[in-house]
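One structure is given here, and the rest of the page talks about it.
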Amino acid sequence: MINLADNHDRTNAAHICGEVVEGLSASHKTYGEVFYTFELGIRRNSGYEDRIIVMASERILSMVDVVVGMQLDIYGQIRTYNEDVNGHNKLNIVVFAREIEEGELDQEPANEIYLEGFLCKKPLHRVSPLGRKICDLMLAVNRMYNKSDYIPCIAWGRNAIYSSTLEIGDKIALQGRLQSRQYKKKREDGEVEVRTAYEVSILQLETFAEEMA
C-alpha cells in the first residue's frame, strides 16, 4: 500500500494509476493559478472500471501532457467540495494531484487511499439486496488553514459489523480504494436521472485514542 513517508500529508494520501478517459476541463482559478479536472479510468480485478475525477493546477500539468488514452501515475490527496446544482447541494470528490508522471503502457492499475480522521455522522448499518452486510461512514479529515474534507466511506462484511459499533467523534485510520458507482435518481418532474457517486471502499480499518497534548 501507500508509503506514508513519501507523502506530503500523513492523514490523507492517494496513489492512483490508470488511463485518461476524459481530457482536461477548466475548473476554477485561485490566487492567479488555474486548476483543471480530468477523468482517470482504473480497472478493478473484476473488470469494472472506476472513473475518478482528478484535479490539478496548471503548474503540475505543465510537466506532463494529459491526453485521452495515455497512462498516468498520480500521487495526491482526496479533496471534497460542495457545489450548488439546480438548487441542490452536491458533494464533489476528487483526487487533488501533487505529482503526475506518465505511466508505462503495461503498468498495473493502482488505487490506494490512506485516511485518518473523525467520524462526523452516526454509522449507517444496512444489508445489500444480495444479503451482504454494509456500513456507511462519513469521515472528516483535517487539512491546513482550518479546513476539512468530508469523505464518504463504505465498509463490508466484518469491517461493516465493527464500523456499526463506532460513535461520532471516534478517530479512525483506514486503507482502501476510491470507487465510483452509478445510480438512478427520480427527479421532481418524474424523470429518472443517472448519477455517479464516489466513496472510499474500506479494506482495512482501525481506531485509536486521540494523543494527549
Least distance between heavy atoms, [X] atom then [Y] atom:
{"X": "R181", "Y": "Y48", "result": "CA-OH, 3.8 Å"}
{"X": "L174", "Y": "I172", "result": "CD2-CD1, 4.2 Å"}
{"X": "S27", "Y": "T37", "result": "CB-CG2, 4.0 Å"}

Mind checking whether [X] and [Y] have side chains closer than 4.5 Å, heavy atoms only?
{"X": "Q71", "Y": "E102", "result": "no"}
{"X": "N142", "Y": "F118", "result": "yes"}
{"X": "D50", "Y": "N111", "result": "yes"}
{"X": "I154", "Y": "I134", "result": "yes"}
{"X": "S164", "Y": "L166", "result": "no"}
{"X": "W156", "Y": "I202", "result": "no"}
{"X": "S201", "Y": "L178", "result": "no"}
{"X": "K121", "Y": "D136", "result": "no"}

Checklist entry - Can R79 be said to sit on top of F96's aromatic six-ring, NZ or CZ under 6.0 Å from centre and within 45° of the ring axis? => result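 So R79 does make the cation-pi contact.
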Checklist entry - Is atom CD of E101 surrounded by more than 12 heavy atoms (other residues, nucleotides or ligands) closer than 6.0 Å? => result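 Open.
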Next on the checklist: Evaluate M55 against H28 for side-chain contact (heavy atoms from CB on, under 4.5 Å), listing each step before the verdict.
Outcome noted: CA-CA 10 Å; M55 179 178 289; H28 65 283; 3.6 Å; yes
Spacing of [atom1] belonging to [X] relative to [atom2] belonging to [Y], to within rounding of 0.5 Å:
{"X": "L205", "Y": "N159", "atom1": "CG", "atom2": "CG", "answer": "5.5 Å"}
{"X": "S180", "Y": "I53", "atom1": "OG", "atom2": "CD1", "answer": "9.0 Å"}
{"X": "I93", "Y": "T196", "atom1": "CD1", "atom2": "OG1", "answer": "11.5 Å"}
{"X": "I42", "Y": "I74", "atom1": "CD1", "atom2": "CD1", "answer": "8.0 Å"}
{"X": "C17", "Y": "E108", "atom1": "SG", "atom2": "CD", "answer": "9.0 Å"}
{"X": "D73", "Y": "E104", "atom1": "CG", "atom2": "CD", "answer": "10.0 Å"}

Checklist entry - Can you check whether R43's main-chain N or O pairs, donor with acceptor, with E49's side chain at less than 3.5 Å? => result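 Checked: no pair found.
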Checklist entry - Got a donor-acceptor contact below 3.5 angstrom from the D149 side chain to the T80 backbone? => result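 Yes, D149 side chain to T80 backbone: donor-acceptor pair under 3.5 Å.
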Next on the checklist: side-chain contact (heavy atoms from CB on, under 4.5 Å), that's the test. Do V200 and I78 meet it? Break it down for me.
Outcome noted: CA-CA 10 Å; V200 173; I78 291 185; 3.7 Å; yes
Are [X] and [Y] linked by a side-chain donor-acceptor pair shorter than 3.5 Å?
{"X": "E112", "Y": "Q175", "result": "no"}
{"X": "Y162", "Y": "T207", "result": "yes"}
{"X": "Y114", "Y": "E116", "result": "yes"}

Next on the checklist: I'd like to know if K122 pairs up with E167 as an ion pair, taking the criterion as any Lys NZ or Arg NE/NH1/NH2 lying under 4.0 Å from an Asp or Glu carboxylate oxygen.
Outcome noted: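 No, no charged N to carboxylate O under 4.0 Å.
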Checklist entry - Going through the checks in order, is the side-chain contact (heavy atoms from CB on, under 4.5 Å) test met by T30 and F35? => result CA-CA 8 Å; T30 301; F35 290 80; 4.0 Å; yes
Next on the checklist: Side-chain heavy atoms nearer than 4.5 Å, only ILVMFWY residues, links allowed to pass through others: does that put V34 and V64 together?
Outcome noted: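 Result: yes, single cluster for both.
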